[in-house]
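Within every chain, numbering begins at 1; the chains are lettered A, B, ... in the order of the sequence lines, protein sequences first and strands thereafter.
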Amino acid sequence: MARHLRPLIRGKTISAVDVRRARVLRPTPPQIFCRTLRGAKFTGLSRRGKYLLFQLRGKTAGQPISLLGHLGMTGRIFLAPKGRRLPKHTAVALDLGASRLVYEDTRYFGRLTLDTAVVCRLGPEPLEDEFNVATFARTLKRSRQAVKVKLLDQGVVAGIGNIYASESLFRARISPGMAANKLTVTQVRQLRLAIRAVLAEAIEFGSTVPLNWGGNQPDGLFYFGRAPEAPDFYAERLRVYDREGQPCPNCGQPIKRITQAARSTFYCPHCQRV
DNA sequence: CACCATGTTCCTTG
DNA sequence: CCAAGGAACATGGT
């Protein structure tokens, strides 16, 4: 998403701010949000974990502004022509001249805010050098929680959600119920590599999906891999997630579904025994 | 009607 | 102080 949007918004100036659901700005007050962004210019866009970090320069003093975005479970951010009708669950629309940057979110779980405090609580970036075996092992040693549940903790390593937690453990052949502090160093090493491979592949997949939703596109959520326009070979992209009862791609035994911390976990009981 | 859903944060309990 | 579990948030799909 960051790679897709970066070139589209760079250099664009916000001429008007339309907030339709103030909830997604939390905790920034709507007034502050609008006043800060009106007249500001986009200078860059980066990502940290699941967060998008928009960089801008303010209207009056050209002061640097950080705008933080999170898509929650159902959020989408896209550029649409000004004339087009906004989708039903549009939370914020930023006027950029001929086009608009639209943030829409059916469930309004996501955020678009000036408060960037959450990013300093995030663990290492999984694809950077800071995510190393020593740190990862030390963090896991401190917890008796099931490793699957621990992977959802963004303070351990940033950016793994419920889908890729199951996928990573399957790839590492580790049982999701295993206590985090019981993993051997070999398993920690395998898990780290699995996480990297799974996420790198997911980003690669994302780059093949057209993200130019304009409200008239299918409701594809690109990271779920169900966008109808996605290339065919990605149908098999997720090996265990949402595949209860289907044969394991390794051994053919049926994939199981269990509940951990009130979330679904999918795994192969044969391939992931320890 | 019941149950499920890609995420985070707050509250309670230990 | 921390860990862990559960509810809450809000809407839509099956």
Side-chain angles (χ1 to χ4, degrees), chain A residues 1 20-28 47-53 68-77 86-92 103-113 115-123 126 138-170 176-182 195 198-199 201-203 205-206 209 211 213 215 218-228 230 234 237-245 256-266:
Chain A
M1 180 65 84
R20 311 182 147 222
R21 275 284 180 142
R23 171 184 152 78
V24 306
L25 311 184
R26 65 196 183 278
T28 305
R47 179 196 59 75
R48 181 79 171 85
K50 301 175 193 173
Y51 294 90
L52 292 166
L53 278 163
L68 174 134
H70 192 296
L71 300 175
M73 290 202 274
T74 53
R76 303 199 295 185
I77 296 179
L86 291 169
K88 182 177 175 188
H89 297 294
T90 298
V92 179
Y103 170 61
E104 70 131 339
D105 186 356
T106 316
R107 287 167 77 179
Y108 305 106
F109 281 2
R111 290 207 296 160
L112 191 64
T113 178
D115 178 28
T116 60
V118 283
V119 296
C120 59
R121 293 203 292 269
L122 294 175
R138 208 178 319 129
T139 311
L140 294 177
K141 271 280 175 270
R142 283 193 274 122
S143 172
R144 270 163 296 193
Q145 232 174 359
V147 60
K148 154 63 164 42
V149 178
K150 210 59 206 164
L151 287 183
L152 297 179
D153 181 346
Q154 302 299 297
V156 174
V157 49
I160 302 174
N162 202 40
I163 294 173
Y164 298 130
S166 283
E167 293 297 317
S168 299
L169 287 166
F170 173 72
M178 189 170 181
N181 62 357
K182 295 292 187 200
I195 288 167
V198 162
L199 293 182
E201 203 175 292
I203 290 170
F205 162 75
V209 178
L211 299 175
W213 302 293
D219 279 347
L221 298 170
F222 74 98
Y223 49 91
F224 198 79
R226 296 298 164 85
Y234 285 115
R237 189 172 74 90
L238 303 178
R239 317 260 173 96
V240 290
Y241 183 80
D242 204 19
R243 289 187 181 277
E244 183 181 17
K256 273 198 72 171
R257 175 193 146 154
I258 58 171
T259 298
Q260 294 180 291
R263 319 285 309 271
S264 287
T265 299
F266 299 87

With a 4.0 Å cut-off on heavy atoms, is V118(A) in touch with a base, just the backbone sugar-phosphate, or nothing at all?
-> sugar-phosphate
5'-most by nearest nucleotide on DNA chain B - Y51(A) or A262(A) = A262(A)
Does S143(A) have a side-chain nitrogen or oxygen under 4.0 Å from the phosphate oxygens OP1 or OP2 of dA4(C)?
-> yes
Can you check whether Q154(A) has a side-chain N or O nearer than 4.0 Å to OP1 or OP2 of dT9(B)?
-> no
Rounded to the nearest 0.5 Å, what's the gap from CD on E167(A) to CG on L151(A)? Could you check?
-> 12.5 Å
If you find the nucleotide of DNA chain C closest to K88(A) and the one closest to R144(A), which residue's nucleotide is nearer the 5' end?
-> R144(A)
Ignoring backbone atoms, test whether S264(A) places a side-chain nitrogen or oxygen under 4.0 Å from the OP1 or OP2 oxygen of dC4(B).
-> no
Distance below 4.0 Å between H89(A) side-chain N/O and dG12(C) OP1 or OP2 | yes
Side-chain N,O (R21(A)) to OP1/OP2 (dC9(C)) below 4.0 Å | no
Classify the nucleic acid contact of F109(A) as base, sugar-phosphate or nothing, counting any heavy atom under 4.0 Å across all strands shown.
-> base
Short side-chain N/O contact to dA3(C) OP1/OP2 from K150(A), under 4.0 Å = no
Any H70(A) side-chain N or O less than 4.0 Å from OP1/OP2 of dT8(B) = yes
Taken in chain and number order and not counting sequence neighbours, the residues that satisfy salt bridge (charged side-chain N to carboxylate O under 4.0 Å, His left out) with K150(A) are D153(A)
Whenever both distances are under 3.5 Å in a Watson-Crick or G-U wobble pair, mark it; put DNA chain B into dot-bracket that way, with [ ] for crossing pairs and | when the partner is on another strand.
-> .||||.||||||||
Do any side-chain nitrogens or oxygens of K50(A) fall under 4.0 Å of OP1 or OP2 in dT8(B)?
-> yes
Assess whether one donor atom and one acceptor atom, taken from the side chain of R107(A) and the base of dA5(B), lie less than 3.5 Å apart.
-> yes
Sugar-phosphate, base or nothing in reach of R257(A), heavy atoms under 4.0 Å = sugar-phosphate
